Amino acid sequence: AQTVTQSQPEMSVQEAETVTLSCTYDTSESDYYLFWYKQPPSRQMILVIRQEAYKQQNATENRFSVNFQKAAKSFSLKISDSQLGDAAMYFCAYRSAGGSRLTFGEGTQLTVNP
Amino acid sequence: DTEVTQTPKHLVMGMTNKKSLKCEQHMGHRAMYWYKQKAKKPPELMFVYSYEKLSINESVPSRFSPECPNSSLLNLHLHALQPEDSALYLCASSRPGLAGGPREQFFGPGTRLTVL
């Protein structure tokens with residue numbers, strides 16, 4: 001079974017600074033997808049970024065980028081120029097290429113300080 | 001339209017009540033999901049429907065009864081719930097398993113359920 005580990009229960013960052021959230025996963029599969037979801041206090045889960053395992057290039061979405069290290073099974077999220085609206089719980093998630101289930105990490109609560 | 005809607009936003013019910021949660025999407029997705037989420041925890045998968053058929057039931061108690069009347073609509077019928085069932089119930093949708101690609105799940109805003 002796949003597992004996803006987020007080792008930082010809480011993180012904080014100053015507004016306009018950069019922060020990196022860690023995620024590691026364990027799988028024996030070679031084809032899969034990885035996601036970062038954001039859940040602000042308003043509670044809606046919002047997809048931030050996704051990464052296909054077969055792609056070597058790291059995904060980027062505006063201020064959000066990932067560092068995907070397939071051999072190390074690591075998938076960290078970098079948030080540049082942090083904004084107050086980035087404050088949320090961030091979940092890392094894994095899905096097998098042929099499956100339906102998302103396996104979530106325990107989440108990292110990000111605080112952005114003005 | 002990339003929106004998943006859920007009604008109601010909040011629901012308070014007694015242990016003897018019967019209520020239903022509703023989820024709707026118009027993205028043409030043929031896979032729909034129910035999750036249960038406790039505070040500060042990740043969502044836990046309850047049910048998956050693919051092409052309007054139940055494909056995954058994560059050993060959920062029978063007091064939760066899902067229904068998928070059509071490709072756009074997903075219901076969760078609740079009966080004789082327990083206080084420990086109080087949680088945020090999230091619905092999600094995606095392209096189904098037979099489709100290729102990331103098939104990311106899009107989530108609704110959730111229903112906050114309180115069982116007294």
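Here the structure is a predicted model, which is why all the values come from computation and not from measurement.
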All heavy atoms of A:Tyr37 vs all of B:Gln105, minimum pair found to be OH-O, 2.7 Å
How far apart are the closest heavy atoms of B:Pro42 and A:Phe104, and which atoms are they? CB-CB, 3.6 Å
Before giving the answer on side-chain contact (heavy atoms from CB on, under 4.5 Å), spell out for B:Arg103 and A:Arg95 the whole-Å C-alpha distance, their side-chain angles and the decisive distance to 0.1 Å. CA-CA 9 Å; B:Arg103 293 184 278 117; A:Arg95 188 180 60 71; 2.7 Å; yes
Rounded to the nearest 0.5 Å, what separates atom [atom1] in [X] from atom [atom2] in [Y]?
{"X": "A:Phe91", "Y": "B:Gln37", "atom1": "CZ", "atom2": "CD", "answer": "5.0 Å"}
{"X": "A:Gln39", "Y": "B:Phe107", "atom1": "CD", "atom2": "CZ", "answer": "8.5 Å"}
{"X": "B:Lys41", "Y": "A:Glu106", "atom1": "NZ", "atom2": "CD", "answer": "4.5 Å"}
{"X": "B:Tyr33", "Y": "A:Arg101", "atom1": "OH", "atom2": "CZ", "answer": "10.5 Å"}

More than 12 heavy atoms of other residues, nucleotides or ligands under 6.0 Å from [atom1] of [X]: is that the case?
{"X": "A:Lys70", "atom1": "NZ", "answer": "yes"}
{"X": "A:Asn62", "atom1": "CG", "answer": "no"}
{"X": "B:Lys18", "atom1": "NZ", "answer": "no"}

[X], part contacting chain B, at a heavy-atom distance under 4.5 Å:
{"X": "A:Glu52", "value": "side chain"}
{"X": "A:Gln51", "value": "neither"}
{"X": "A:Met45", "value": "both"}
{"X": "A:Arg43", "value": "both"}

For residues [X] and [Y]: do they belong to one hydrophobic cluster (side chain heavy atoms under 4.5 Å, members Ile, Leu, Val, Met, Phe, Trp, Tyr)?
{"X": "A:Tyr90", "Y": "A:Phe68", "answer": "yes"}
{"X": "A:Val48", "Y": "A:Leu110", "answer": "yes"}
{"X": "B:Met13", "Y": "B:Met15", "answer": "yes"}
{"X": "B:Phe64", "Y": "B:Val115", "answer": "yes"}
{"X": "A:Leu84", "Y": "A:Leu21", "answer": "yes"}

When only heavy atoms count and the cut-off is under 4.5 Å, which of residues 78-94 of chain B reach chain A? B:Leu88, B:Leu90
Side chain, backbone, both or neither: which part of B:Gln6 has a heavy atom under 4.5 Å from chain A? neither
